[in-house]
Amino acid sequence: MLPILMVLITLALLTVPQYTSSHPCTAAFPPTPAGAPVYHILFGTTVNADVVPIPLCETNITNPVLLLSLCQNTPSCNSFTVGSGGGESGDLPPHDCRGSQLFSIPSGGMADSTSPHPGIDLHVLGPANSSNVTNTVTPKPMLQTYPTEDGVLAISKSLFKIMVVPGTATHNVLEEAMSRYTELVFVGNEHRTDRSSKLALGTMENLTVEVLNTTAALALGVSEAYNISIRVDGHAELIADTVWGAIRGLETFAHLVVTGVGATPEEEVYFVDATTICDKPKYQYRGFMIDTARHFLPVAAIFTAIEGMAIEKLNVLHWHAVDDQSFPMEVVSLPRLARVASFSPREHTYSVENITAVVSFARSRGIRVMLEIDTPGHCQCVQEAYPELGLITECPGTTCWPPLDVSKNTTLEFVRTVWRDLTEMFPDNSVFIGGDECHTTCWAENAAVVAWAHSKNLSITAAEESVGGEGTVFGWYIDQVVDIVHGEIGKRPVMWSPLFWDPASPPKNLVKANALLNLWTGNLNELAFNMTTRGTNEVIVSAPWYLPASDSYHHEPTDVCSANASSPYFCSAEQRARIIGGEACMWGEGKDVTNFFSLAWPDLSAVAERLWSSNTADLDLLTGRQRRLRVHRCRLVSRGVPVPPMACVYVPDASHASYATWRKYQYCAGDNVFGYNGPHASADALAWGRVRAAAIRTANISTPFD
């Protein structure tokens, strides 16, 4: 049988797309045929012999012959022989076929077994020269490979240039980004003592950039894919689908440049490793919400936050601008809002010029700015500015937060004016209309609102039986706002999820407008099921990431979907596909510019990596992500983002011989970023326990504590 199999493999290899250095993704990951068996594979490398293997790529394939082709044509795989086959019916190559070492991976994510494991198919582990590995790109790329031979290249800070490929199209945002990154690639670099001019094969003088589509607008769903190829001969190119993908690629390139050892301690020397990266985001919506209503954030702080977002490859700034406490936005047609309803008209407002500058700055970094004006709740401050309009419901009781009095025509006209004025400054196609925490009991206590509701056959709450079957007051109001922002202004509405706490029929206009819904609290499985069965509604998830958060790394947006087939809330693949991303929320209670950055980071780095990287197996390796975040934190600080240090745990010294290799490593717990709850002492102890467990699993090391 073996000769026949080898003949079949040889013939099949003639028709399999070959792995090439210029465009690896196109060849390596062809579409998956419908109904074909799927193998889960990881390309990987080992940074040091005594450290957990670091996967480089995670994907699905359907053809074991293609697997062999990839291994034979990937430089980091070509010296291995095939390990044990993992297929149940001989559908994987036997151990004496040429290819890469095959491992099966337990569900915990560690490659510590060479026997097949139920539910997990393959781990393709290939060697790489440890001196040539720069793997601190954050977020982790989808695929990064290295040449077998040494590939260290020197870069001259004074001579280095980034330029478009001659004869190809460019764009003003791209030109600005190339100019900016010509400087940024030499800021906040990781220092490597194993890099020196003696090791460099040559120099890399230019990075050429080619954008295939320079006219694609910055919008939800625009491609951010890019390829980077740095060859050992010094040729380097970045190819991206769009300008926005090119910006992501330039950020990645900046992470690849390291400092090394010069002739004198004062000499600045920079190096980059020959490598190939193919990357794109896992989720199209990757957001960060800021709240400037509870505590005002200076424009400079917002700029800094945007700069940090660009480094993290986040692409949506969700600006929660207004709440009960203040209305800091200038509305030209309603000038008293900023003058009276802000904390102070001179120091705590955002002028038209301020808002325009924020939107422009974000766009230059490939970030959309989405405005939120939260109604009908969370807006009591408008009453202070225009008391004569009676905008807020009068409540006899004192236990509720009064919402807008939606029974008055003047209220809708007021809301319409706010949206028309402000959306002129926010060109993004989406606006956030709020809709959370509306205390409808206040409406029920107001006789005028109750009478108005009955005249329209509306019930006050979903729990009540509707008088005439026309739905609730809340649903009616949301329909009116959607009609304004979508029907009149042409924006896609986004709103919080409380509407779907009860599976009652949703507002008609909300469904028609293909609203994007943010799942933030409640029974997540039930909510995700209800929201994704609306037919056209897509979902983003913020529930796990109210900053500062706990266990930021161990969440995925699709986790809100029940994977239990017997559950009434089991989500189909089609429903899961409607979950298009997530966002971290930095609510302003108890937070202002003095502690904003120290509470947002480093959690935001973890969230960003979860939303970008499809290389999830590596994200589950404690040592890999700790090393990346330590370097990444220094990078952020060097570029002006005041990210706090992470709590560090040092491996205790010991004379135990088999323990010596671990004494030189420092492991940072990062407080709750890595899933450690409780006080720092408990976090540190748990961190050391996790490190020790990883050591035992991967290197079979015994310790003095055994």
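In this chain, residues are counted from 1 in sequence order.
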Check your understanding: If we only count heavy atoms from C-beta on, is the Ser351 to Asn354 side-chain gap below 4.5 Å?
Key -> yes
Review point. Are Glu307 and Arg365 within salt-bridge range, i.e. N to O under 4.0 Å?
Key: yes
Check your understanding: Could you go step by step and tell me if Val593 and Phe296 meet the side-chain contact (heavy atoms from CB on, under 4.5 Å) rule?
Key -> CA-CA 8 Å; Val593 70; Phe296 184 84; over 6 Å; no
**Study point:** Min side-chain heavy-atom separation Leu547-Phe288 under 4.5 Å
**Key:** yes
Check your understanding: If you count the non-hydrogen atoms of other residues, nucleotides and ligands that lie under 6.0 Å from CD in Glu176, is the total more than 12?
Key -> yes
Study note, to complete from the structure: Of all heavy-atom pairs linking Asp323 and His320, the shortest is OD2-NE2, 2.6 Å
Exercise for review: Using the ring-ring contact (aromatic ring centres under 6.0 Å, His included) rule, take Phe253 and Tyr181 through it: C-alpha gap first, then chi angles, then the decisive distance, then the call.
Suggested key: CA-CA 9 Å; Phe253 181 81; Tyr181 278 97; 9.2 Å; no
Review point. Can you check whether Val257's main-chain N or O pairs, donor with acceptor, with Asn189's side chain at less than 3.5 Å?
Key: yes
Check your understanding: Looking only at atom types and distance, does a side-chain atom of His318 sit under 3.5 Å from a main-chain N or O of Met370, one as donor and one as acceptor?
Key -> no
Revision key, fill the gap. What one should report as the nearest heavy-atom pair of Asn525 and Cys561 is ND2-C, 4.0 Å
Practice item. Tell me, with the steps shown, if Glu538 and Arg492 meet salt bridge (charged side-chain N to carboxylate O under 4.0 Å, His left out). Key: CA-CA 12 Å; Glu538 292 176 315; Arg492 184 186 189 186; 2.9 Å; yes
Point to revise | Ile579 vs Ile540 side-chain heavy atoms within contact, under 4.5 Å | key: no
Check your understanding: Roughly how far, to the nearest 0.5 Å, is the CE atom of Met495 from the CD atom of Glu372?
Key -> 10.0 Å
Point to revise | Check: Val316 main-chain N/O paired with Glu583 side-chain donor or acceptor under 3.5 Å | key: no
Point to revise | Side-chain heavy-atom pair Leu611, Trp545 within 4.5 angstrom cut-off | key: yes
Check your understanding: So how far is it from Ser613 OG to Arg628 CZ, rounded to the nearest 0.5 Å?
Key -> 7.0 Å
Practice item. Using the side-chain contact (heavy atoms from CB on, under 4.5 Å) rule, take Trp587 and His295 through it: C-alpha gap first, then chi angles, then the decisive distance, then the call. Key: CA-CA 9 Å; Trp587 292 104; His295 287 92; over 6 Å; no
Review point. Looking only at atom types and distance, does a side-chain atom of Arg633 sit under 3.5 Å from a main-chain N or O of Val643, one as donor and one as acceptor?
Key: yes
Check your understanding: Just by distance, do the side chain of Ser360 and the backbone of Thr356 share a donor-acceptor pair under 3.5 Å?
Key -> no
Check your understanding: With Phe432, which of Trp496, Trp520, Phe426, Trp419 fulfils ring-ring contact (aromatic ring centres under 6.0 Å, His included)?
Key -> Trp496
Review point. Donor-acceptor pair, Ser326 side chain versus Ala293 backbone, under 3.5 Å?
Key: yes
Practice item. Please tell me if the side chains of Ile433 and Val485 come closer than 4.5 Å, counting only heavy atoms from C-beta onward. Key: yes
Practice item. Enter the distance from Trp612:CH2 to Lys280:NZ here, rounded to the nearest 0.5 Å. Key: 10.5 Å
**Study point:** Test salt bridge (charged side-chain N to carboxylate O under 4.0 Å, His left out) applied to Glu251 and Arg639, step by step
**Key:** CA-CA 12 Å; Glu251 182 61 42; Arg639 287 168 60 174; 2.9 Å; yes
Review point. Is the shortest heavy-atom distance from the side chain of Ile302 to the side chain of Tyr350 under 4.5 Å?
Key: yes
Review point. Under 4.0 Å between a Lys/Arg side-chain N and an Asp/Glu carboxylate O for Glu224 and Arg368?
Key: no
Practice item. Drop me the distance from Ile228's CD1 to Asp279's CG, to the nearest 0.5 angstrom. Key: 8.0 Å
Review point. Can you name the closest pair of heavy atoms from Val340 and Glu384 and give their distance?
Key: CG1-O, 3.5 Å
Review point. Within the distance-only criterion (no hydrogens, no angle test), does the side chain of Arg180 pair as donor or acceptor with the backbone N or O of Ser364 below 3.5 angstrom?
Key: yes
Exercise for review: Evaluate side chain to side chain donor-acceptor pair (under 3.5 Å) for Thr138 paired with Lys313, printing each intermediate quantity in order.
Suggested key: CA-CA 9 Å; Thr138 307; Lys313 296 187 175 73; over 6 Å; no
Exercise for review: Run the salt-bridge test on Lys282 and Glu556 with the 4.0 Å N-O cut-off and return the result as yes or no.
Suggested key: yes
Review point. Under 6.0 Å from the NZ atom of Lys591, do we count more than 12 heavy atoms belonging to anything else shown?
Key: yes
Practice item. Taking the six-membered ring of Phe361 (Phe, Tyr or Trp), confirm whether the NZ or CZ of Arg363 is under 6.0 Å from its centre and within 45° of its axis. Key: no
Point to revise | Side-chain ion pair, Glu589 and Arg294, N-O less than 4.0 Å | key: yes
**Study point:** Rounded distance [0.5 Å steps], CG in Leu220 versus CG in Asp428
**Key:** 8.5 Å
Practice item. Evaluate side-chain contact (heavy atoms from CB on, under 4.5 Å) for Trp601 paired with Glu312, printing each intermediate quantity in order. Key: CA-CA 11 Å; Trp601 272 273; Glu312 305 289 6; 2.8 Å; yes
Review point. Got Leu517 and Leu527 here, is their nearest side-chain heavy-atom distance under 4.5 Å?
Key: no
Review point. Would you find a donor on one side and an acceptor on the other, under 3.5 Å apart, between the side chain of Thr304 and the backbone of Ala300?
Key: yes
Exercise for review: First locate atom CG of Leu391, then atom CD of Gln383, and finally report the distance between them rounded to the nearest 0.5 Å.
Suggested key: 6.0 Å
Review point. With distance as the sole test, does Arg336 use its side chain to make a donor-acceptor pair with the main-chain N or O of Ala341 at under 3.5 Å?
Key: no
**Study point:** Side chain Asp436, main chain Ser497, donor-acceptor under 3.5 Å
**Key:** no
Check your understanding: Taking the side chain as C-beta and beyond, is there a heavy-atom pair between His632 and His255 under 4.5 Å?
Key -> yes
